[in-house]
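Below is one structure; the comments refer to it alone.
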There are 2 protein chains.
Amino acid sequence: MNECLFIYLHKLKKQTNMARKIDEDKLVRIKNATMKTIVDYGIEKTTIAMIAKNANVSGGYLYRLYSGKQALIEELYYDKVVALNNELEFLIGLNPTSASSIIEAFIQNRIVFALNEAEASKFYYQLLHNNNFNVNDDLKNRNIALIEIIKNIGVKTGEIHKNVSILQIHFHLFMYVVDYIHFNLKNAFANGTIADSDVQYLTQNILNILKKPN
Amino acid sequence: MNECLFIYLHKLKKQTNMARKIDEDKLVRIKNATMKTIVDYGIEKTTIAMIAKNANVSGGYLYRLYSGKQALIEELYYDKVVALNNELEFLIGLNPTSASSIIEAFIQNRIVFALNEAEASKFYYQLLHNNNFNVNDDLKNRNIALIEIIKNIGVKTGEIHKNVSILQIHFHLFMYVVDYIHFNLKNAFANGTIADSDVQYLTQNILNILKKPN
DNA sequence: AATAAATGAATGAATGTTTATTCATATATT
DNA sequence: AATATATGAATAAACATTCATTCATTTATT
């Protein structure tokens with residue numbers, strides 16, 4: 001079930017004829033447990049029972065909120081993709097004349113997210129590379145549209161070469177950055193941390209790449 | 001079971017007392033079927049029964065050659081990682097005084113591999129990003145040793161900055177390149193093919209990155 | 001050369017486990 | 001009491017794995 005719809009129905013109930021108080025943070029617990037379990041054990045080995053246990057919720061209750069395991073994971077993933085699009089749109093509004101500012105801020109936010117919401121970030125990273133979970137065309141198209149805006153800004157200012165494809169920008173902004181951050185966090189034993197200094201490093205690398213045609 | 005061991009035992013038998021001729025390409029069929037099934041349906045949805053069917057082999061026979069599903073997939077993955085290390089070692093031998101030559105040749109080979117052995121290449125890409133399959137420390141250490149050699153060459157010639165970490169080089173050579181190729185092949189509908197021209201593009205991008213400290 | 005015995009390859013039905021999903025029941029709230 | 005939430009045991013489907021059996025080939029015996 002869609003989260004917004006759920007909350008809406010839930011509030012409706014409250015206004016009319018509430019029988020039993022909903023355990024308010026149950027949905028949050030389920031979401032966190034899903035992400036944590038998948039991060040710890042991988043999607044293949046994660047079962048509904050494990051998620052339910054980690055969320056302190058009965059197994060059957062999950063089916064009240066989601067139609068099944070796939071839907072549960074999908075919704076978490078799609079929510080994040082929507083949030084990323086929203087964030088990008090917001091950053092474009094903030095910096096309507098500088099592609100590098102948008103890119104830099106976006107990268108900064110990826111690092112903050114990876115550090116502050118490690119579970120959610122690792123979860124997103126896993127799904128990004130899982131063939132069984134693909135975002136729908138609407139989400140894809142909105143993302144393409146936003147990247148086109150960034151490209152237009154960059155071409156105007158000379159920050160991006162006019163022959164750079166939308167896919168190139170998408171790849172470097174959404175895959176390269178995320179992979180870079182997670183690779184460094186995963187290998188944190190040997191020099192591999194991630195910090196604010198990486199923002200400049202990543203930004204410069206990507207801007208250099210986007211300056212050339214491909 | 002290890003492939004080399006298998007072939008060895010198999011030949012031993014031939015010398016003494018062979019009861020029934022082995023279907024020679026059965027092992028090859030199983031390997032190909034495993035990769036193809038996983039590429040088509042993902043690891044989660046791939047079952048032993050599906051692999052056996054695609055390989056034209058009985059389900060139970062898989063357990064003569066491998067101790068189970070996990071071992072079957074692992075061996076295919078590890079074989080590829082070993083092959084990559086061997087290839088890198090070979091390329092270092094060929095170009096002992098030029099990091100860029102090694103890197104360029106390695107990238108070239110990745111693209112050829114992705115085009116000529118698409119199934120195997122996609123299979124490797126999937127496992128590269130799957131947390132449930134990690135290469136052992138020996139393989140990791142050998143890889144690190146090889147990359148250290150490349151770094152030393154590059155630092156001497158000025159192609160690589162002395163402050164670039166081994167992890168950086170590893171990431172860009174083994175993740176960035178592979179991800180780039182597969183991203184472009186996956187999105188082949190819109191301008192996204194991969195060709196020899198990408199060799200120069202990728203090589204230059206990576207060399208530029210490795211020229212700077214991180 | 002013909003036949004029988006021995007051997008190991010290969011099968012696929014049977015087994016037992018794991019898992020997603022359902023549903024009868026219990027519990028809490030008004 | 002009425003109503004909705006929440007439970008978790010029960011169910012059924014899917015699955016990895018095993019194993020008794022079959023089959024093709026080689027070796028020994030005549």
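Naming convention: chains lettered A, B, ... in sequence-line order (proteins, then strands); numbering from 1 in each chain.
In this structure, the nucleotide among D:dT7, D:dT5, C:dA9 sitting nearest to the side chain of A:Arg64 is D:dT5. If you check C:dA20, D:dA6, C:dA10 against the side chain of A:Lys69, the one that comes closest is C:dA20.
Distance, B:Leu62 CG to D:dT18 P: 12 Å, rounded to whole Å. Remark: P of C:dA10 and OH of B:Tyr66 are 14 Å apart, rounded to the nearest angstrom. To the nearest angstrom, C1' of D:dC19 lies 16 Å from OH of B:Tyr61. Atom CD1 of A:Ile51 is separated from atom P of D:dG8 by 17 Å (rounded to the nearest Å). Whole-Å rounding puts the B:Asp25 CG to C:dA10 P distance at 11 Å.
A cation-pi contact, defined as under 6.0 Å to the ring centre and within 45° of the axis, is absent between A:Lys80 and A:Phe123.
Within a heavy-atom distance below 4.0 Å of DNA chain D, the residues of residues 40-48 of chain B found are B:Thr46, B:Thr47, B:Ile48.
Annotation: ring pair (Phe, Tyr, Trp, His ring centres under 6.0 Å) contacts of A:His182 (sequence neighbours excluded): A:Tyr125. Shown here are the side-chain contact (heavy atoms from CB on, under 4.5 Å) partners of B:Ile48, two or more places apart in sequence or in another chain: B:Leu62, B:Tyr63, B:Lys69. For B:Ser197, the side-chain contact (heavy atoms from CB on, under 4.5 Å) partners are B:Ala195, not counting sequence neighbours. Partners of A:Thr46 according to the side-chain contact (heavy atoms from CB on, under 4.5 Å) rule, which considers only residues two or more places apart in sequence or in another chain, are A:Thr37, A:Ile38, A:Tyr41, A:Ile51.
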Result block: side-chain N/O donor-acceptor pairs under 3.5 angstrom for residues 109-118 of chain B, not counting sequence neighbours:
residue  : atom : partner : partner atom : Å
B:Asn109 : ND2  : B:Glu87 : OE2          : 2.9
B:Arg110 : NH2  : B:Glu87 : OE1          : 2.4
B:Arg110 : NH2  : B:Glu87 : OE2          : 2.4

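For the pair B:Tyr63 and D:dT17, the criterion of a side-chain N or O lying under 4.0 Å from OP1 or OP2 is met.
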